[in-house]
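Only one structure is covered here, and it is reproduced in the block below.
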2 protein chains.
Amino acid sequence: MNAKKAVERQTGVALWRQIADLIRLSISNGDYDQTGMVPPETVLAGQFGVNRHTVRSALAALADEGLVQAIQGRGTMIQRKERLSFPISRRTRFSQGLGDQARETEAKLLAKGTLPAAGDVAKGLKIDPGAPCIQLDLVSSADGRPVSCSTSFFPQSRFPAMAEQFEQLHSITKAFAAQGLADYVRVSTELVARHADASELALLRLSPGAIVIEATAINADPDGVPVQFSRTRFAADRVKLKIET
Amino acid sequence: MNAKKAVERQTGVALWRQIADLIRLSISNGDYDQTGMVPPETVLAGQFGVNRHTVRSALAALADEGLVQAIQGRGTMIQRKERLSFPISRRTRFSQGLGDQARETEAKLLAKGTLPAAGDVAKGLKIDPGAPCIQLDLVSSADGRPVSCSTSFFPQSRFPAMAEQFEQLHSITKAFAAQGLADYVRVSTELVARHADASELALLRLSPGAIVIEATAINADPDGVPVQFSRTRFAADRVKLKIET
DNA sequence: TATAGTTGTCTACATTAATAGACATTTCGG
DNA sequence: CCGAAATGTCTATTAATGTAGACAACTATA
């Protein structure tokens with residue numbers, strides 16, 4: 001692994017942020033597992049070729065995320081290093097997939113509504129543009145940390161009580177079951193990565209400049225009829241997507 | 001699509017870069033397809049709540065990427081908007097997957113070498129740590145634009161001529177075939193998104209601050225024996241990963 | 001209890017990013 | 001041909017980022 005650490009100037013991304021990203025990556029790679037600590041500020045400053053104060057800004061940002069904690073005289077300890085591994089397969093479900101990686105998972109309803117299907121939604125669900133859809137906006141968390149936020153669309157004609165069922169059952173799988181759909185599979189997933197926008201920063205409690213992975217997915221019933229069109233944004237520094245074929 | 005455009009200050013990411021990223025996203029989303037032009041600078045400045053000069057910096061960065069071109073008196077024209085859709089399935093291969101999206105694809109060998117397998121490589125290939133591996137570093141391009149750079153490891157005992165075969169055939173699939181492996185399948189893919197490091201910026205000709213999607217994958221022969229461990233970094237703003245299950 | 005090694009804090013200054021305004025230049029339509 | 005609308009260029013100012021150095025405060029260990 002060469003992966004030479006280097007930062008670039010005049011890029012529109014502050015040095016301290018680039019360095020914070022690189023240190024975060026090193027932590028999640030386990031580079032510092034032997035000591036459980038980040039190297040001393042002076043050493044990091046030397047590695048990156050910047051002033052110690054710049055490194056301190058980077059570490060302050062990571063401390064702010066709760067990833068590290070500095071102790072005067074001792075060093076900067078690593079508090080947390082996990083990335084949740086999130087499986088994507090034909091049977092993708094949020095909570096089951098995480099398994100024992102988190103003690104507690106939660107899906108919180110942010111908004112619900114009924115609206116005519118826009119072009120991409122109608123195409124994904126194979127319904128007429130303008131046909132009524134139920135939209136659910138969720139934030140999913142593991143052990144109290146937001147992992148993803150999603151917007152899902154369901155054809156109203158087939159699942160008229162989707163919003164109400166979800167509110168009671170707190171699970172899309174169960175809400176489907178309550179409306180007579182015992183099983184469903186993932187038929188399509190498209191992934192894109194980009195910087196988080198303001199609403200995502202707030203929902204996922206990200207530090208600004210963070211990256212999200214946007215997964216646009218379609219679930220269908222066993223006969224192949226689409227039942228859900230969703231757009232899920234994952235906090236990129238908290239997850240690893242594991243594709244199972 | 002609400003996707004409210006908003007930028008944040010004091011985040012370590014310059015406003016002009018955040019705005020450039022948002023405009024790039026709008027372009028690839030087709031938001032400006034009606035006119036084929038980006039909205040006027042004054043309009044964008046109003047939407048984002050920044051000074052016109054800041055918008056100009058963002059547009060200059062996009063012009064530098066060749067994405068737009070400003071013409072005095074007329075406006076800023078969109079030059080290019082595509083994202084390549086890159087399939088990931090059990091039969092993932094680079095050039096076939098792109099199909100007719102690009103007229104020409106190329107895989108260029110950057111470096112080759114033999115080295116003992118590090119921990120993660122050995123684990124992925126199911127060989128003893130320290131056993132000799134052949135490493136190939138590639139950059140793959142479509143129509144002359146770099147799309148991904150990758151580092152692959154192959155067990156030397158089974159594919160001793162991997163590097164030489166690739167140099168002749170310019171294809172990993174063909175190099176496998178030349179060494180008696182007619183078919184192979186993808187058994188594992190893990191995805192992570194992060195900021196590009198300096199070497200990736202150079203290899204992929206990205207503008208600094210850009211995002212890469214890192215796919216760590218294992219290919220195996222029909223009997224399930226791993227034959228290739230690879231880490232591919234995609235230029236996130238040029239690709240969409242389409243997962244086929 | 002020294003002492004080396006570490007983080008914390010402070011001051012000063014240079015560079016980059018962003019704002020503000022004015023005006024020139026070019027294009028296009030009435 | 002004029003004027004509206006758009007980009008191009010310039011100056012000036014403020015805020016954020018990065019560098020540099022010095023020293024205080026704390027921790028662990030010899």
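Proteins come first, then strands; the chains are lettered A, B, ... in the order of their sequence lines, and each starts at number 1.
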Original post:
Thr76(B) near the nucleic acid: base, sugar-phosphate alone, or nothing, with a heavy-atom cut-off under 4.0 Å?
Top reply: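 Touches sugar-phosphate only.
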**OP:** Say whether Arg233(A) and Thr151(A), considering side chains only, have a donor N or O and an acceptor N or O under 3.5 Å apart.
**Re:**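 Yes - a donor-acceptor pair under 3.5 Å links their side chains.
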Subject >> Any donor-acceptor N or O pair under 3.5 Å, side chains Glu190(A), Thr216(A) >> reply: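 Thr216(A) and Glu190(A) do not have a side-chain donor-acceptor pair below 3.5 Å.
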**OP:** Check if the side chain of His53(B) and the base of dG8(D) share a donor-acceptor pair of N or O atoms closer than 3.5 Å.
**Re:**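 No, no donor-acceptor pair under 3.5 Å.
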Subject >> His195(A), Arg24(A), Gln18(A) screened by side-chain hydrogen bond (donor to acceptor under 3.5 Å, both in side chains) with His195(B), the one that passes >> reply: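 Only one of His195(A), Arg24(A), Gln18(A) forms a side-chain hydrogen bond (donor to acceptor under 3.5 Å, both in side chains) with His195(B), namely His195(A).
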**OP:** Keeping the roles fixed (side chain from Ser230(B), backbone from Thr232(B)), state whether a donor-acceptor pair exists under 3.5 Å.
**Re:**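 Here the side-chain-to-backbone pair does not exist.
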Rounding to an integer number of Å, can you tell me how far [X] [atom1] sits from [N] [atom2]?
X	N	atom1	atom2	value
Tyr32(B)	dA6(D)	OH	P	14 Å
Phe48(A)	dT17(D)	CZ	C1'	17 Å
Leu59(B)	dT9(D)	CG	P	14 Å
Glu41(A)	dA20(D)	CD	C1'	15 Å
Met37(B)	dA6(D)	CE	C1'	8 Å

Subject >> Most 5' of Arg52(B) and Ser57(B) on DNA chain C, judged by nearest nucleotide >> reply: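 Mapping each residue to its closest nucleotide by heavy atoms, the 5'-most match is Ser57(B).
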**OP:** Identify, between Arg74(A) and Gly49(B), the residue whose nearest nucleotide on DNA chain C lies closer to the 5' end.
**Re:**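 Checking each residue's closest nucleotide, the 5'-ward one belongs to Arg74(A).
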Subject >> Considering all heavy atoms, the nearest Ser148(B)-Leu204(B) contact >> reply: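 Where Ser148(B) meets Leu204(B) most closely, the heavy atoms are C-CD2, 3.5 Å.
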Original post:
Is the shortest side-chain N to carboxylate O distance from Arg194(B) to Glu200(B) below 4.0 Å?
Top reply: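 Here Arg194(B) pairs with Glu200(B) in a salt bridge, since their nearest N and O are under 4.0 Å apart.
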Original post:
Should the pair Asp137(B)-Arg231(B) be classified as a salt bridge under the 4.0 Å nitrogen-to-oxygen rule?
Top reply: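 Here Asp137(B) does not pair with Arg231(B) in a salt bridge, since their nearest N and O are not under 4.0 Å apart.
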Subject >> From dA6(D), dG8(D), dT27(D), nucleotide with atom closest to Pro40(B) side chain >> reply: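 Closest of the options to the side chain of Pro40(B): dA6(D).
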Original post:
If you check every side-chain atom of Asn51(A), which of dA20(D), dG18(D), dG8(D) has the closest atom?
Top reply: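 My answer, after comparing the listed nucleotides, is dA20(D).
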Original post:
Arg56(B) side chain N/O closer than 4.0 Å to the phosphate oxygens (OP1, OP2) of dG8(D)?
Top reply: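 Answer yes for this pair, as a side-chain N or O of Arg56(B) is under 4.0 Å from OP1 or OP2.
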Original post:
So which one's nearest nucleotide on DNA chain D is more toward 5', Gly73(A) or Thr54(A)?
Top reply: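 Result of the comparison: Thr54(A).
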Original post:
Trp16(A) or Ile71(B): which one's nearest nucleotide on DNA chain D is closer to the 5' end?
Top reply: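 Its nucleotide being nearer the 5' end, the pick is Ile71(B).
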Original post:
Could you give the start and end, 5' to 3', of the contact zone on DNA chain C for chain B, using atoms under 4.0 Å from its heavy atoms?
Top reply: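 Boundary nucleotides touching chain B, in 5' to 3' order, are dA17(C) to dC28(C).
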